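All figures in this text were calculated on a predicted structure; none of them were measured in a lab. Note on naming: letters A, B, ... go to the chains in the order of the sequence lines (proteins, then strands), and numbering restarts at 1 for each one.
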2 protein chains.
Amino acid sequence: MARKRTIDDIARLAGVSKTTVSRVLNNKPDVDPNTRERILRIVKEEGFVPSATAAGLAGGRSHLLGVLVPSFTWPMIPDIVCGIAETIGNTAYELVLYSLNDKTRENGEGDIIDHILSTNLVAGILAVLPGQSSKFVIRLHQHGFPVVLIDDQDDPPLVPWIGADNQCGAYDAVKHLLALGHRRIAHIQGPMKYVCSRERYEGYCQALREHGIPVEPTLVIEGAFDTASGRDAAQTLLSLPEDQRPTAIFAGSDLMAYGVLAFAEEQGIDIPGELALVGFDAIGSSALVRPALTTVKQPFQEMGQRGIEVLLSIIEQSDQQRFNVRSGYARDFMRLSRANVDEPANAPPLRIRLATSLVVRASCGMRQRSPFSSIKSVSR
Amino acid sequence: MARKRTIDDIARLAGVSKTTVSRVLNNKPDVDPNTRERILRIVKEEGFVPSATAAGLAGGRSHLLGVLVPSFTWPMIPDIVCGIAETIGNTAYELVLYSLNDKTRENGEGDIIDHILSTNLVAGILAVLPGQSSKFVIRLHQHGFPVVLIDDQDDPPLVPWIGADNQCGAYDAVKHLLALGHRRIAHIQGPMKYVCSRERYEGYCQALREHGIPVEPTLVIEGAFDTASGRDAAQTLLSLPEDQRPTAIFAGSDLMAYGVLAFAEEQGIDIPGELALVGFDAIGSSALVRPALTTVKQPFQEMGQRGIEVLLSIIEQSDQQRFNVRSGYARDFMRLSRANVDEPANAPPLRIRLATSLVVRASCGMRQRSPFSSIKSVSR
DNA sequence: CTGTTAGCGCGTTCAG
DNA sequence: CTGAACGCGCTAACAG
């Protein structure tokens, strides 16, 4: 627990000015190699760590990254945050967590965005599943503030975005059911206001089309991503006349699939015997339910990781531009919410689509082995 | 998206000095009520938000709270962090998340503590399940740095601590099994190096004692809190000669109970028919497994909330003391890792023990109704 | 009750 | 290649 040292201390110990020390620490050129070496040694010996606070104040840029997540009740959030935290841990940045609870949601999601912006604490924001606040995030981006979105975007894409390849994932899932011989395959959609729901639906349609099977409107129901809506949809679907009833259901989320499981359990409907079921997300508990759920795995951790990587590159680039434009104290730019520092429309926003993978378990009729022992690999 | 204003701007608009504005913002006394009113109005109108960065630098205290969590693979972490985030959201503080991934763990958990301390970014730390790094946290506390622990402490208690009443929880669980008529009740312990494991064991023993039942060493096995060790323990217990085999198992964590479920499933052992099972934690997925798990519910969200509350009170108190002691620029105290600002041994460290509650589900033999529809209430 | 004066620790400019 | 000087936005001591 060494005594906290400042740059001045190091400068004194090295016999140089603090300016030089600062230059070394920021990897500036124009420093004598010997001096640089010596300073680095002392910095290491003394265990010197610069104050992020002061650096932020002086340099105008902070070393903090904001991560905005909705309520932790969504089961994928922990996985995503895990990827984020681990990635940030490997950088010189720190992670500031902003979460929307029910109260902040009431007051309007814009509030928290304004708060983030006005405190000027973070250098950029990674917004996870922004949902309703997505439009605020977009505004941020248009004002030149570094922002990246995970797993929820508007159409057309306006903001750098990381997500899963929802259409392919859905396509694979339905293909699998088709390969098992199913022909009447229902789909419980997520809310259609989300692009990911529409993409999953598109994948579902595509797979059916390829098999020459028409999309039956009665077999497609819009849910709300949660268990309750899945249960309702199951009830509707399984109350259809026998000849119209689906033999398989592709749910747009694992939680909705749980709703199907619940209804089937109540009604004594055997899954997968009488009804095959596939979910989407591969949240940890889907390996635990009975029957264990076949589902499309989203690479949540990797999404978090890539999100941070992209955010950092954007921040760096925006620093670069600021540096080039600057003449004298042009830092007033920043106070104006960094307005129009660059033309965001220059290049099309970055979009990264990560591959999904189908996790086959018992719920669609395949034989399952030792499900519980697979807990580790699934939930990590 | 109003233009970012500084205290000086407000001072100019209000026709007073920035000092006065600062005083109003920090709720200092000695300000004319009218002036205060006027300043507050302007602050609100202009949407002024002070810079936490600058305030931290100047005042020597930051408005950031560090939260140290182990890997997100532990299923209760999200719940705890949720409580933490929500509580911090209601204060003027921000949440900085430090997480231990496998790499940081390798390099020694002390590193991250040193890092936290030397960056001097946060005003205090709430450490969740510190495990091996617990001793580092204790050292922090002894140096006068505000620290609170959640759910893992050393014996004797050295640091302010929030946790569940493990002994009572275990006692209740075993009592329940006894009430159901079980007499040969096994216990799969958590690692005995943790106080919580020892307390749960104590509750187990206490319940048996009250019924005049001796504690059989063969029925007590130490696990590692995870699923694999639970499976191993189940195998050992259920391989006992028929007359020594337990009719019920009380597992020290839900994950270990999952291991029991897995082994039982493999072996075709009916739960609860041939074996009753109770877990500990009430993590969300325990409502989803089949049979649904009876378990002792820890109030994770509340633990997070109380943790922050206690941490804030400690920070405030330490600021107070610093203020009283200070003569001139005595801020050097802080640079010395805030060493010995107060006598930590003055009062016994605060310990808050929150009540648990038994969640009765199918795994111990009670009739279960509509398990899936209870997902919401359990996982929130 | 209020304003003036010094910094907090660092980044950046400008003149050597 | 180097150092002195200034300022980031705010708080705290000291004198009115």
Side-chain angles (χ1 to χ4, degrees), chain A residues 4-12 14-36 38-39 43 48-63 118-121 319 322-323 326-335, chain B residues 4-12 14-39 43 48-63 92 118-121 319 322-335:
Chain A
K4 172 84 183 140
R5 322 223 66 134
T6 73
I7 271 202
D8 302 65
D9 297 332
I10 303 299
R12 209 168 305 124
V16 293
S17 76
K18 39 191 164 187
T19 314
T20 308
V21 177
S22 167
R23 277 197 264 263
V24 171
L25 292 173
N26 293 324
N27 286 316
K28 304 280 186 199
D30 298 348
V31 174
D32 180 272
N34 293 324
T35 317
R36 178 181 298 257
R38 185 157 36 94
I39 292 179
V43 161
F48 167 74
V49 181
S51 149
T53 312
L57 224 207
R61 60 171 143 272
S62 95
H63 283 180
S118 54
T119 56
N120 218 333
L121 189 67
D319 275 357
R322 197 148 48 88
F323 186 78
R326 169 182 300 169
S327 68
Y329 280 141
R331 271 198 286 220
D332 300 290
F333 274 132
M334 296 187 37
R335 289 220 218 114
Chain B
K4 173 87 181 136
R5 321 223 66 136
T6 73
I7 270 201
D8 301 65
D9 297 331
I10 304 297
R12 207 166 309 122
V16 295
S17 77
K18 40 190 165 188
T19 315
T20 308
V21 177
S22 169
R23 276 197 264 262
V24 171
L25 292 173
N26 294 324
N27 285 318
K28 305 278 186 199
D30 298 348
V31 173
D32 180 90
N34 293 324
T35 317
R36 176 181 300 256
E37 202 63 34
R38 184 157 38 94
I39 292 179
V43 160
F48 167 75
V49 181
S51 149
T53 312
L57 223 207
R61 60 171 143 274
S62 94
H63 283 179
S118 55
T119 54
N120 217 334
L121 190 68
D319 275 357
R322 197 150 46 88
F323 185 77
N324 291 339
V325 167
R326 170 183 298 170
S327 68
Y329 281 143
R331 271 197 287 218
D332 300 289
F333 274 132
M334 295 188 36
R335 287 219 220 115

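Between the side chain of A:Thr19 and the base of D:dA4, at least one donor-acceptor pair of N or O atoms lies under 3.5 Å. Counting distance only, with no hydrogens placed and no angle test, the side-chain atoms of A:Arg5 and the base atoms of C:dG9 include no donor-acceptor pair under 3.5 Å.
In this structure, the helix from C:dC1-D:dG16 to C:dG16-D:dC1 shows an angle of 40° between the axis at its start and the axis at its end, each fitted on 5 base pairs and rounded to 10°.
At the heavy-atom level, B:Pro29 lies nowhere under 4.0 Å from the strands shown.
In this structure B:Asp32 satisfies the salt bridge (charged side-chain N to carboxylate O under 4.0 Å, His left out) test with no other residue, sequence neighbours excluded. Judged as a side-chain hydrogen bond (donor to acceptor under 3.5 Å, both in side chains), and not counting sequence neighbours, A:Thr53 has no contacts. Applying the side-chain hydrogen bond (donor to acceptor under 3.5 Å, both in side chains) rule to B:Ser51 yields no partners; only residues at least two apart in sequence or on another chain are considered. Scored by the side chain to side chain contact (heavy atoms under 4.5 Å, CB included) test, B:Arg36 finds B:Val24, B:Asn27, B:Val31, B:Leu40 as partners (sequence neighbours excluded). For B:Ala11, the side chain to side chain contact (heavy atoms under 4.5 Å, CB included) partners are B:Lys18, B:Val21, not counting sequence neighbours.
Applying the 4.0 Å criterion to OP1 and OP2 of D:dC10, one finds that B:Thr53 has every side-chain N and O outside that range. Distances shown here put every side-chain N or O of A:Ser51 at or beyond 4.0 Å from the OP1 or OP2 atom of C:dG9.
For B:Arg12 and C:dG3, the CZ to C1' distance is 16 Å, given to the nearest whole Å. The separation between B:Arg23 atom CZ and C:dC1 atom P is 11 Å, rounded to whole Å. If you take CG of B:Asp30 and C1' of D:dC14, they are 14 Å apart, rounded to a whole angstrom. Between B:Leu25 atom CG and D:dT11 atom P there is a gap of 7 Å when expressed in whole angstrom units. Remark: P of D:dC10 and CG of B:Asn26 are 11 Å apart, rounded to the nearest angstrom. Rounding to whole angstrom units, NZ of residue A:Lys18 and C1' of C:dG9 are separated by 9 Å. The CD1-P distance, from B:Ile10 to D:dC10, rounds to 9 Å in whole Å. Between A:Ile7 atom CD1 and C:dC10 atom P the separation is 5 Å, expressed in whole Å.
For A:Lys28, the side-chain atoms get nearest to C:dT12 when compared with the rest of C:dT12, D:dG3, C:dC8. Of the candidate nucleotides D:dC10, D:dT11, D:dC1, D:dC1 has the atom lying nearest to any side-chain atom of A:Pro33. With D:dT2, C:dT2, D:dG9 as the candidates, the nucleotide lying closest to the side chain of A:Asp32 is D:dT2. Side chain of B:Ser22, nearest nucleotide from C:dT2, C:dG9, D:dT11: D:dT11.
Side-chain atoms of B:Arg38 come within 3.5 Å of backbone N or O of B:Ala14 as a donor-acceptor pair. Looking at A:Ser62, its side chain does come within 3.5 Å of a backbone N or O of A:Leu121 through a donor-acceptor pair.
Heavy-atom nearest nucleotides on DNA chain C were determined for B:Val16 and for B:Ala54, and the one closer to the 5' end corresponds to B:Val16.
What you find for B:Thr6 and B:Phe48 is that their closest heavy atoms are C-CE1, 3.6 Å.
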